[in-house]
Amino acid sequence: MSKRFQPLPAQVDLPALEREVLARWQQGKVFERSLERTAAGPSWVFYEGPPTANGMPGVHHVEARTFKDLFPRFKTMKGHRVIRKAGWDCHGLPVEVAMEKELGLSGKRDIEAYGVAEFNARCRESVLRHVDAWEELSERMGYWIDTSAAYRTMDTDYVEAVWWSLKVIFDKGLLVRDHRISPYCPRCGTPLSDHELGQPGGYETVVDPSVTVRFPITSGPLAGRASLLVWTTTPWTLVSNTAVAVHPDVTYVVARATGGAQDGDGDQDDHDERGEQVVVAEPLFERVLGAGWEIVDRLGGGDLAGTTYQRPFELVEIPDAHRVLTADFVTVEDGTGLVHLAPAFGADDLAACRAAGLPVVNPVRPDGAFADSVPLVGGAFFKDADKTLLADLKARGVLFRSESYEHSYPHCWRCHTPLLYYALPAWYIRTTAIKDRLLAENERTTWYPETVKWGRYGEWLRGNVDWSLSRSRYWGTPLPLWVCADDHITCVGSLAELSEHAGRDLSGLDPHRPYVDDVAFPECGGEARRVPDVIDAWYDSGSMPFAQWGAPHVANETFEASYPAQFICEAIDQTRGWFYSLMAVGTLVFDRSSYENVICLGHILAEDGRKMSKHLGNVLEPMPLMDKHGADALRWYMAATGQPWSARRVGDGALEEIVRKVLLTYWNTASFFVLYANAAATSAGAWTPELAGEAPPPERRPLLDRWALAELHRTVGEVDSALEDFDTARAGRRLAEFIDDLSNWYVRRSRRRFWEGPDSPEGAAAFATLYECLETLTRLLAPIVPFITDYLWDVLRSPDAPESVHLAAWPTADPALLDATLTEQMALVRRLVELGRAARASSGVRTRQPLGRALIGAPGSAALPAELTAQIADELNVGRLDQLASIGGDLVEYEVKPNFRELGRRHGKDTPKVAAAIGAANPAHLVTALRADGRATVETPELGELTVEADCVIVTERPRSGWAVESAGGETLALDLTVTPELRRAGIAREVIRLVQEARKADGLQVTDRIELWWRSDDADVTDALHAHGTEVADEVLAVAMHEGRPPAVDGPPEHRGADLTLTFWLRRSSPAGG
RNA sequence: GGGCCUAUAGCUCAGUCGGUUAGAGCGCAUCCCUGAUAAGGAUGAGGUCCCUGGUUCAAGUCCAGGUAGGCCCA
């Protein structure tokens, strides 16, 4: 007896099965072997975007990791070498913030008091705290990635690689010092991060002055005649006024005071000089000036550009300044439409002044007080200076209006000191200098979805500003810049270089604060010390293509062979994070972006459609979800439900459906196959894959088999091209459809051939066909659902096949097996069967009752091969299938409808008229003409006679009466409901067969067991039916003997009774016939 | 305030090149089939294709504006 397949139970515990497969992968080192198998293959590069392991992974991490696993598996099966190196992002403010919280520290002073060395040591420990949980998740979900050599952005090799790249950028002149405006606490002496601004207490409501000031114009036609009206809520910044901004597209007016009228709100206005002229934006004229003023001239914002003016205070030196600029950020929402610019105290101000080449002059000391050298307000705290300054403005007649203004203003969340927007020295990468290169690199990057390329990401690139790189923090890659007293800057590219400068061996130095801060070296006759900043952690992760290998200092060849990546994938919120930093660093350092294809995923929502949050209590933990439904179900959901880039809801309901409709259907088909392959009582024993070669070749198999193979190979082609397009949803839909076709049509229609075994050519064809379908389907499904496929692969595979599906080759479509005609014909067959079922349902004659014949009328139905019409007849349990036309024209009525698609193509604007003419024509005449000549003539009132082609008309034909008819889309099926006595007896026989089968199951018999059957009935119809169809019944229920009458009384089998049928019967397993 | 995404049945989602009866699954109801059986199938009810306007012989589909939700940024 030959080897059998391992039996597959109809019920399966998928999570338990997955654990078994996981153990098998581990013991068999299957991942490692899949890499070995493809070691010589063409490289396909994937980069792992590093997560920070200071928190636990969530369901959304399963999302990204599904895609990050699926495509590498797909490419590996296609023979590519796909290196998958894990990585951890270790640095950054979020890590520091979490550690501050944990240690009960608040702010930089606390950290420095606690000790930077100890603080950073704690940060270092915290970022790997949950690595175990992440690795557990990766393993459980089947994410194959090499964690043994994971890169860590805090490792010395990594930091040195980052330093090297910064030096490349520095040598190109693109790493430069400038100012950055930060919210700054003068008491704590520190800038605050956005995160800190968001803390409770970050904003407080305060009352500030709101002042409007005259800036007399000193050049152009208005010189000496008019003033610019400028509004501000921070009078203390007027000392540093450098320019005035107007909007280039806004109209401004010159207004003259007509005297008398004051506005009625009781403000302290100071403009009773009749004849005074001022400039404001036209949309704000009413609000700022109103009655008592008349417009004497209008001019565009662009016309004002370059106009010089007398600044409000002459207290500090600001060379070459004090003129009007244009800037898009100016609004006419409030103020005067003319904006005072003090570049040291506002981000917009700084950007506008920098663009105009104006200097940044800052008279305010880091402690928040004006420098002592400033007249009038020297030594005063910035906010306290407002009063003095206002009084001075008023005294000199420069103040136009003064009000109070209540608004929300940022405060230090620790000490409640009002914050200063303050220019601090900072280091930038001049990404604006390579903006065109970035746009060109983006041009050749393929984005999924495509809209991100031009939209969200492209827009962001076009508005590129220089990368603000430095952070005045602690736990990060230290900025490798050393500066001497003469302001000579040295950029250090490695610890070896640093050793050279310092004249001692620093190769073992921890390249973090505070240790690197302690390294100084002689320079320009003095001492060069490190700039104390660390860098933006996004730069770290953007450096991973080379830094993960330690390149160029270490493994440079490995790096060069894996640059750029063919594929990266993260959630959409990375557009301005990792997607940008990767592209920017790559372009800055290598003049080439580091990735070619990128998938942007949407966010995962809770089942209620809201964001998952602990607060709402709707968080789904990934591990329990997989323990409940299985990782395959979750992976299928992520890959194949909806569009990956739209926000999606995950929950038990969605996963249960996937298990039932996709995974269990696939499993049950395999289980069915194995059951009958093992049960086959052939001379050779059970059916095994070796017997596949003995089946007739595909072209000699039944049409049903050829259809299944055609659909299989169509599926292979479509799934392959979908995955090549990174379209997992399309691949998933096709696979789910094929699984359904295979199970609910191919197997359903072929069951009898499986019962009868593989001895006949038809049986052999069935086994070979279903085997090929399952074997190939398993390979197609493997990248998406790696567990269930590998389990079934191991059961189904032939002995010489690889022992894991993940070591097998991706299937290729065989064009010779495709058959578009057969695909279309089978689709018609299935539509006609549905019509027949609907006719059965509406007429109330159950399918079990055989009927004499059915009529079909549908385009193409006459050309159906007999093998296919037989499928319809068998499925609908009718004796004969005829063409509707065969019953004679008089008995058929016709309905005609215009086919708009074809009509539109030929008749364009006249379509409605032609359609109306078709509707008005005599259907029978029209159909006769169309059938005879392929065209017909119709009469239209406007256009006269017109010829219409056959494909412009949808014809539905129906028998006039006496039939159960269903039609759809021009296709009709009609059932003859006449039940003759003979049909009635055949129906009763079917009923008996069903009863006996149920009884067999109730008695716990195997499907192959032979039985002995006794029966008796008082109903003449039943008796007649069993006399007429006894042999058929006996064959169907595997009865070796059938007796009319009771069984022998002694140890009699249990009695069964029919429900709707007067029948009593008994059955007993006959003595086993040797198997 | 800016940019982008999404909106189709109670729910989750398809909908190709614009074509006149807008589909599937889940859920619900009724029924059928059953040698895969704690499966499978059919039928039915259920729709303002977010709104307004436009282009077109014809719009769920193309264009413009708006509304709502979401994401990113300010």
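So that the names make sense, note that chain A is the first sequence line, chain B the second, and so on, each numbered from 1.
Distances shown here put a side-chain N or O of A/R848 below 4.0 Å from the OP1 or OP2 atom of B/rC33. When the side-chain nitrogen and oxygen atoms of A/N744 are compared with OP1 and OP2 of B/rG40, none of them lie within a distance under 4.0 Å.
Residue-level contact check: A/R730 touches neither bases nor backbone, having no heavy atom under 4.0 Å from any strand. Contacts of A/L903 with the nucleic acid, taken as non-hydrogen atoms under 4.0 Å apart, are absent. Residue A/T847 is in sugar-phosphate contact alone, with no base atom involved, counting any heavy-atom pair closer than 4.0 Å across all strands shown.
Nucleotide B/rC72 holds its P atom 21 Å from the CZ atom of A/R462, rounded to whole Å. Taking atom CD of A/E657 as the reference point, atom C1' of B/rC13 lies 9 Å away to the nearest angstrom. Rounded to whole Å, atom C1' of B/rA59 lies 14 Å from atom CZ of A/F900. When rounded to the nearest whole Å, the span between CG of A/D874 and P of B/rC33 equals 15 Å. Put simply, NE2 on A/H603 is 7 Å from C1' on B/rC71, counting in whole angstrom units. Look at CZ on A/R748: it is 11 Å from P on B/rC33, rounded to the nearest Å. Atom pair A/R733:CZ and B/rG25:P shows a separation of 15 Å (rounding to whole Å applied). Here the C1' atom of nucleotide B/rG3 and the CZ atom of A/F579 are 17 Å apart, to the nearest Å.
A salt bridge links A/R837 with A/E875: the distance from a Lys NZ or Arg NE/NH1/NH2 to an Asp or Glu carboxylate oxygen falls below 4.0 Å. Using a 4.0 Å cut-off between a side-chain N of Lys or Arg and a carboxylate O of Asp or Glu, A/R905 and A/E902 qualify as a salt bridge. Salt-bridge formation is detected for the pair A/D951/A/R906: a Lys NZ or Arg NE/NH1/NH2 atom is positioned less than 4.0 Å from an Asp or Glu carboxylate oxygen. One finds a salt bridge joining A/E737 and A/R734 here, because a Lys/Arg side-chain nitrogen approaches an Asp/Glu carboxylate oxygen to under 4.0 Å.
Candidate nucleotides B/rG40, B/rA36, B/rC57 were compared by shortest atom distance to the side chain of A/V747, and B/rA36 ranks first. Closest to the side chain of A/R751, from the set B/rG35, B/rA42, B/rU12, is B/rG35. Side chain of A/Q997, nearest nucleotide from B/rU43, B/rG35, B/rG41: B/rG35. Among the nucleotides B/rG41, B/rA36, B/rG19, the one closest to any side-chain atom of A/Y676 is B/rA36. Checked against B/rC26, B/rC57, B/rC33, the side chain of A/K661 finds its nearest nucleotide in B/rC26. The side chain of A/K897 sits closest to B/rU21 out of B/rU21, B/rA39, B/rU20. You'll find that the side chain of A/F672 is closest to B/rA36, out of B/rA36, B/rC33, B/rU20. Closest to the side chain of A/R837, out of B/rC57, B/rG41, B/rC71, is B/rG41.
With both pairing distances under 3.5 Å, B/rU30 is matched to B/rA42 as a Watson-Crick or G-U wobble pair. Both distances falling under 3.5 Å, in either a Watson-Crick or a G-U wobble arrangement, place B/rC13 opposite B/rG23. Across all strands shown, B/rU6 pairs with B/rA68; the Watson-Crick or G-U wobble distances both stay below 3.5 Å. Using N1 to N3 plus N6-O4 or O6-N4 for Watson-Crick, or N1-O2 and O6-N3 for G-U wobble, each under 3.5 Å, B/rG1 pairs with B/rC73.
Looking at every heavy atom in both residues, A/A640 comes nearest to A/G732 through CB-CA, 3.9 Å.
Both geometric conditions, a ring-centre gap below 5.5 Å and a plane tilt below 30°, are fulfilled for A/W755 over the base of B/rG35.
Residue A/F579 forms a side-chain contact (heavy atoms from CB on, under 4.5 Å) with just one option from A/N442, A/V452, A/I572, A/V598, and that option is A/V598.
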Derivation of the side chain to side chain donor-acceptor pair (under 3.5 Å) call for A/N877 and A/T847: CA-CA 6 Å; A/N877 198 16; A/T847 312; over 6 Å; no
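The C1' atoms of B/rU48 and B/rA7 are separated by 14 Å, rounded to the nearest whole Å.
Not a single donor-acceptor contact under 3.5 angstrom links the side-chain atoms of A/T665 to the base of B/rA39.
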